[in-house]
Amino acid sequence: SGFMAFVPLHNHSDYSLVVGASQLPSMVERAKELGMPAIALTGHGLMYGAIELLKLCKGTDLKPIIGNEMYVINGSIDDPQPKKEKRYHLVVLAKNAIGYRNLVKLTSISHLRGMRGRGIFSRACVDKDLLQRYSEGLIIATACLGGEIPQAILRGRPEVARDVARWYQSVFGEDFYLEIQDHGSPEDRIVNSEIVKIAEELDIRHRCSPSCWRMKVPFLLNMCSSGCEKPSTWSAESKVSQLETIGRSSKVATAAGDV
C-alpha cells in the first residue's frame with residue numbers, strides 16, 4: 001500500500017491501576033502478530049511497566065517505546081491545591097536516552113511533590129514549568145478527551161485550544177503532536193474536526209493514536225472519555241481502512257520512525 005506500518009502510541013496495561021486491563025506479555029505478542037514494528041506503553045501517571053516491556057521486547061524485532069500519560073495542571077505543583085483544580089492528560093514519550101532520563105525525572109517529581117486529590121482520586125501531577133525544564137528528548141501528544149486542548153474544544157473555547165497548542169509548539173517544536181482518536185463517540189468527532197483545523201492553521205503535525213485499555217483476540221480499542229467511566233470497545237481490524245483514510249488525507253505520525 002505504500003504506507004508505513006501502524007504503531008500504537010497510546011496504550012495502557014494493567015500497570016495503569018484501576019483502569020487498565022491488558023497484560024504486557026499478551027500486548028507484545030499481539031503487536032508482533034499484527035506486524036507492528038514498535039509499541040508504546042503510556043501508563044497513567046506512572047512508568048511501572050517500563051522494565052517489563054523492555055525485557056519482553058529484548059531479542060525481538062519489536063521496538064519498545066517508553067512513555068507516560070501524565071496529568072498536567074496550570075499553576076505550580078508546589079502551590080496549595082484549589083478546590084476545583086483541572087488536571088489534564090498529556091502523552092509524553094521518550095525518543096532517546098536523554099528523553100528517558102527526563103521522563104523518569106518528571107515521573108519521580110510528580111509522585112514526590114505533585115500528588116493532588118485524595119484517596120483513589122489522587123493523581124501524580126506535573127506543571128508546565130517542569131515540562132519546559134525537562135523538555136529535551138521528549139515527544140508530546142495532546143492525549144484523549146481528557147487533554148487540555150480537547151477539553152477547551154468541548155467547552156466551546158477554540159481560541160484557548162489554540163493558545164495551549166502554541167505554548168506546547170513553542171517548547172517542543174516538531175516533537176509536539178495533536179492527537180486524533182475515533183472511538184465512535186460524538187465528542188471525538190467534534191474534537192477531531194477542530195484538531196485538524198488547528199493543525200493546518202499552526203502547521204502542527206497530528207497523529208492518529210486510539211487509546212487502548214483492554215486487549216483480547218481480536219485486539220480491542222477502548223474509548224478513553226474525559227472521565228473514563230464507560231469505555232466502549234470495537235475491533236481494531238475493522239477500523240484499518242478508516243486509519244488508512246485518515247493517513248491519506250492528513251499529516252499523521254503513526255510510525256516508530258516519528259518516535
Can you check whether L131 reaches L90 side chain to side chain, under 4.5 Å on heavy atoms? yes

I'd like to know if E52 and K55 make a salt bridge, using a cut-off of under 4.0 Å between side-chain N and carboxylate O. no

What distance separates N74 CG from D127 CG, expressed to the nearest 0.5 Å? 9.0 Å

Check the hydrophobic clustering (I, L, V, M, F, W, Y; side-chain heavy atoms under 4.5 Å; chains of links allowed) and say if L93 and I98 are grouped together. no

Between V126 and I109, is the side-chain contact (heavy atoms from CB on, under 4.5 Å) condition met? List the steps. CA-CA 8 Å; V126 297; I109 291 173; 5.7 Å; no

Can you confirm whether E174 is buried at CD, in the sense that more than 12 heavy atoms of other residues, nucleotides or ligands lie under 6.0 Å from that atom? no

Output the distance between atom NZ (K128) and atom OG (S76), rounded to the nearest 0.5 Å. 13.5 Å

When you look at H10 and Q181, which way does the side-chain contact (heavy atoms from CB on, under 4.5 Å) test go after all the steps? CA-CA 10 Å; H10 188 156; Q181 303 183 351; 3.3 Å; yes

Taking the side chain as every heavy atom from C-beta outward, state whether V72 and C125 have any atom pair closer than 4.5 Å. no

Do Y71 and H89 have ring centroids that are under 6.0 Å from one another? yes

Find out whether Q23 and M27 are in side-chain contact, i.e. whether some heavy atom of one side chain is under 4.5 Å from a heavy atom of the other. no

To the nearest 0.5 Å, what is the distance between CE (M47) and CD1 (I51)? 7.5 Å

Going from CZ on R30 to OG on S22, what distance comes out if it is rounded to the nearest 0.5 angstrom? 12.0 Å

So with a 6.0 Å cut-off around CG of D79, is the heavy-atom count from everything else above 12? yes

Taking all atoms of both residues into account, what is the closest heavy-atom pair of S185 and L145, and its distance? OG-CD1, 4.3 Å

Going hydrophobic residue to hydrophobic residue with side-chain gaps under 4.5 angstrom, can you get from L130 over to V164? yes

Is there a side-chain contact between K32 and E29 in this structure, where contact means two heavy atoms from C-beta onward sitting under 4.5 Å apart? yes

So which atom in R116 and which in R87 form the shortest heavy-atom distance, rounded to 0.1 Å? O-NH1, 3.5 Å

For A124 against G45, the heavy-atom pair lying closest together: CB-O, 4.2 Å

What are the two closest heavy atoms between A38 and I65, and how far apart are they? CB-CD1, 3.9 Å

For a side-chain contact (heavy atoms from CB on, under 4.5 Å) check, start with the C-alpha distance between D182 and R189, then their side-chain angles and the critical distance, and finish with the verdict. CA-CA 7 Å; D182 185 357; R189 294 185 176 91; 4.2 Å; yes

So, do M70 and L103 sit near enough that their side-chain heavy atoms are less than 4.5 Å apart? yes

Would you say that V92 contacts N102 through its side chain, given a criterion of any heavy-atom pair below 4.5 Å between the two side chains? no

pair M36-P8: side-chain heavy atoms closer than 4.5 Å: yes

Are the side chain of S193 and the backbone N or O of I190 linked by a donor-acceptor pair below 3.5 Å? no

Starting from Y88, can I reach W167 by hopping between I/L/V/M/F/W/Y residues whose side chains sit under 4.5 Å apart? no

Are the side chains of L9 and T42 in touch, meaning some heavy atoms are under 4.5 Å apart? no

For the pair R123 and S110, evaluate side-chain contact (heavy atoms from CB on, under 4.5 Å) and give the outcome as yes or no after the intermediate values. CA-CA 9 Å; R123 299 290 184 269; S110 72; over 6 Å; no

Scanning both residues in full, the closest heavy-atom pair of I39 with V7 reads N-CG1, 4.3 Å

Who pairs with F172 by ring pair (Phe, Tyr, Trp, His ring centres under 6.0 Å), at least two apart in sequence or on another chain? none

Which atom names give the shortest non-hydrogen contact between A40 and N11, and what distance separates them? O-ND2, 2.8 Å

Would a line drawn from the ring center of Y15 to the ring center of H44 be shorter than 6.0 Å? no

NZ/NE/NH1/NH2 to OD/OE distance under 4.0 Å, R162 and E194: yes

Going from CD1 on I180 to CG on N192, what distance comes out if it is rounded to the nearest 0.5 angstrom? 5.5 Å

Do other residues, nucleotides or ligands put more than 12 heavy atoms under 6.0 Å from the CZ atom of R155? yes

Calculate, to the nearest 0.5 Å, the distance between atoms CG and CZ belonging to L154 and R157 respectively. 12.5 Å

Quick one: side chains of residues 133-143, donor-acceptor pairs under 3.5 Å with protein atoms, not counting sequence neighbours, listed by atom name and distance.
{"from": "S135", "atom 1": "OG", "to": "Q132", "atom 2": "O", "distance (Å)": "3.2"}
{"from": "T142", "atom 1": "OG1", "to": "E179", "atom 2": "N", "distance (Å)": "2.8"}

